[in-house]
Amino acid sequence: MIQLLFTMLSAEVGVAVALLFKTPLRKLVILGLDRFKRGRGPVIVKTVAGTVVIVLASSLYSMAKIRSRSAEFGAFTPTDQVLMSRHLLEASLMGYSLFLALIIDRLHHYIRELRGLRKSMEAVMKQNRVLEETKRGGSDEIKTRDREIASLNEQIKQLKFESEERIKEARAAEANVMALKKQSDDLLIEYDRLLEDNQNIRNQLHSIDH
């Protein structure tokens, strides 16, 4: 279970990092996400997310049971400590995975919006240049053209403002991804320590049996 969660989390981190940097790989990832969202992808994602939430709730419930049992005895037994660490690690991985999936969805949405805004800005600026050229060619419609040019300039300013806002949101998402990548590395170290503790407890139990 933990290996599967680590694999899924690593894949999500890879997709998020690919979305953050302008490389040919990002184009492939965006194209893949576009196709995934058009088909049965959303249904699959909702099903997987629902399953993860149920398993996460089960892990939290098991942790609560272990805490209540330890409260009765006054301390954690070695077995309870291992089980508690395992459930905590699983819950953390599932929580990070769900959060990272949301980050990937938002990054994909912001990138598509930025592309649309840039295309709109290019179209408006092209139209603005045409109007300016037309303005130079005749003087009968100067006032009308001036008003249209002023309106187009306002649209350009608005589009630039929206583009800057989307860039800020994408940068915030980038910071979240980097923080999650660091936490994922820390969880991998904790998993290795948990395996070592588990092996030590098995050795102790084997010695007690003898």
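Since the model is a prediction, treat every value here as computed from it, not as a measurement. All values below were derived from every heavy atom in this structure, side-chain atoms included, with hydrogens, water molecules and symmetry-related copies excluded.
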Going only through I, L, V, M, F, W and Y residues with side-chain contacts under 4.5 Å, is there a path from [X] to [Y]?
X    : Y    : value
V124 : F161 : no
L102 : I111 : no
L31  : V29  : no

**Report entry** Heavy atoms of other groups near M125 CE, more than 12 under 6.0 Å
**Finding:**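 At most 12 heavy atoms, drawn from other residues, nucleotides or ligands, come within 6.0 Å of this atom.
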Query raised in the report: Under the salt bridge (Lys or Arg N to Asp or Glu O under 4.0 Å) rule, what pairs show up with a residue in residues 95-108, not counting sequence neighbours?
Result: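 Sorted result for residues 95-108: K37-D105.
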Requested in this report: Decide, yes or no, whether a salt bridge links K160 with E164 under the criterion of side-chain N to carboxylate O below 4.0 Å.
Outcome: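 Result for this pair is no, no salt bridge flagged.
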Grab the two heavy atoms, one from [X] and one from [Y], that are nearest each other, plus how far apart they are.
X    : Y    : answer
V45  : F36  : CG2-CE2, 3.3 Å
H87  : I66  : CD2-CD1, 3.9 Å
E12  : A101 : OE2-CB, 3.8 Å
H108 : I30  : NE2-O, 3.8 Å
M121 : L159 : CG-CB, 3.4 Å
A91  : L60  : CB-CD2, 4.3 Å

Between [atom1] of [X] and [atom2] of [Y], what distance do you get to the nearest 0.5 Å?
X    : Y    : atom1 : atom2 : result
I156 : L152 : CD1   : CG    : 6.5 Å
L100 : L107 : CG    : CG    : 9.0 Å
T47  : R40  : OG1   : CZ    : 9.0 Å
I103 : Y110 : CD1   : OH    : 8.5 Å
L98  : L93  : CG    : CG    : 11.0 Å
L83  : L88  : CG    : CG    : 12.5 Å

Does [X] reach the side chain of [Y], with side-chain heavy atoms less than 4.5 Å apart?
X    : Y    : value
K65  : Y61  : yes
R112 : D34  : yes
L33  : I104 : yes
E113 : E162 : no
E122 : K126 : no
L89  : S85  : no

**Report entry** A18 backbone acceptor or donor facing R26 side chain under 3.5 Å
**Finding:** no
Query raised in the report: Under 3.5 Å, is there a donor-acceptor pair between the side chain of S58 and the main chain of I54?
Result: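 Between the backbone of I54 and the side chain of S58 there is no qualifying donor-acceptor contact (under 3.5 Å).
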